[in-house]
Amino acid sequence: MTSPLPEESGFSPPSAEEGDDGQALTVSNEGTGRPTDSEYLMNDHADDSAPVRRACGLEIMKRVYGHDHVHDGPGDFFGMTVEHLFAEVWSRDGLSVRDRRLLLLGLLVGQDMSDEVRLQLDAALRTGELTPDELREIVIFLTHYAGWPRGARLNTQVEELIDRVMGS
């Protein structure tokens, strides 16, 4: 499935909010039709029961990966992933989803985990957290730390993704 070009889809990149020192604090999706970090990083759990954590985690997982919906899964591993990783870790204050994704991309590239890198790149581009130019810059930066073979693989992944999603 090919996504429409940015102009056709109403795509607009998120803006960065700046602190008093001019440094970007968080990414704001206000006015873009995408949720802001505060809208889905629900760190204040009024009801901390397992069903509420699970529902919260599924919602955060859905938004982190840019899916319209996610299916609940069986087993303890899936439960811990949703209830802890997404409901508790991805929802913490202190780092934006974009910051977490950048850190995760660096780690995954460094560990040569290509399938997971592909998943994160796709989510970052589709959710508007990272632009095609930013993805290309990540390739250049990480290549110098992770090595040329991993960088070459990452470059191929990024260019194929941009071609598929943006149609360029």
Side-chain angles (χ1 to χ4, degrees), residues 11-142 145-146 150 154 157-158 161 165:
F11 173 84
S12 61
S15 60
E17 297 176 14
E18 293 184 357
D20 295 334
D21 60 359
Q23 297 285 61
L25 297 175
T26 60
V27 172
S28 172
N29 286 331
E30 256 180 66
T32 66
R34 291 182 306 278
T36 62
D37 286 348
S38 61
E39 288 174 326
Y40 66 91
L41 296 182
M42 302 172 239
N43 203 23
D44 299 324
H45 304 291
D47 180 353
D48 207 25
S49 69
V52 170
R53 271 195 318 276
R54 194 166 192 108
C56 177
L58 287 168
E59 180 65 21
I60 293 169
M61 177 188 261
K62 176 178 86 171
R63 292 182 177 170
V64 164
Y65 290 111
H67 297 303
D68 292 331
H69 63 282
V70 293
H71 298 286
D72 202 343
D76 291 342
F77 181 80
F78 186 83
M80 290 178 75
T81 300
V82 169
E83 295 171 26
H84 180 70
L85 177 61
F86 286 98
E88 300 296 331
V89 177
W90 276 87
S91 70
R92 291 178 56 81
D93 295 330
L95 292 174
S96 68
V97 170
R98 182 179 189 273
D99 292 342
R100 290 176 199 282
R101 180 139 12 241
L102 286 169
L103 290 166
L104 184 54
L105 278 167
L107 177 118
L108 294 172
V109 169
Q111 295 293 318
D112 205 17
M113 299 176 77
S114 294
D115 291 341
E116 292 81 1
V117 168
R118 185 174 287 110
L119 178 69
Q120 294 300 323
L121 291 171
D122 181 73
L125 185 61
R126 284 185 306 97
T127 61
E129 290 168 4
L130 296 169
T131 66
D133 288 341
E134 289 171 323
L135 291 175
R136 289 177 175 124
E137 191 63 30
I138 289 168
V139 169
I140 292 167
F141 182 77
L142 289 179
Y145 287 93
R150 288 179 182 162
L154 178 61
Q157 288 178 311
V158 164
L161 173 68
V165 173

Side-chain donor or acceptor of Glu137 paired with backbone N/O of Glu134 under 3.5 Å: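 Checking the backbone N and O of Glu134 against the side chain of Glu137, no donor-acceptor pair under 3.5 Å is found.
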Quick one: does any side-chain atom of Arg54 pair with a main-chain N or O of Glu83 as donor and acceptor, under 3.5 Å?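 Not at all, since once roles are kept as given, no pair shorter than 3.5 Å links the two residues.
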Please determine which of Val117, Val139, Leu142, Asp112 meets the side chain to side chain contact (heavy atoms under 4.5 Å, CB included) test together with Arg150.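 Output: one option passes, namely Asp112.
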Nearest atoms (heavy-atom pairs only) where Arg100 meets Asp93: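 The answer is NH2-O, 3.9 Å.
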Looking at Glu59 and Arg63, is there a salt bridge between them, counting it only when a charged N and a carboxylate O are closer than 4.0 Å?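 Answer for the salt bridge query: yes.
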Quick one: pull up OG in Ser96 and CG in Leu102 and give me the separation to the nearest 0.5 Å.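 The CG atom of Leu102 is 7.5 Å from OG of Ser96, to the nearest 0.5 Å.
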How long is the span from the CG atom in Leu104 to the CD atom in Gln120, to the nearest 0.5 Å?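 It is 4.5 Å, given to the nearest 0.5 Å.
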How would you list, by chain and number, every residue that makes a salt bridge (Lys or Arg N to Asp or Glu O under 4.0 Å) with [X], sequence neighbours excluded?
X: Arg101; value: Glu129
X: Asp115; value: Arg118
X: Asp133; value: Arg136

His69-His67 aromatic ring centre distance below 6.0 Å: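 No, too far apart.
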Aromatic rings Trp90 and Phe86: how do their planes relate, parallel, tilted or perpendicular, breaks at 30° and 60°?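 Ring orientation of Trp90 relative to Phe86: parallel.
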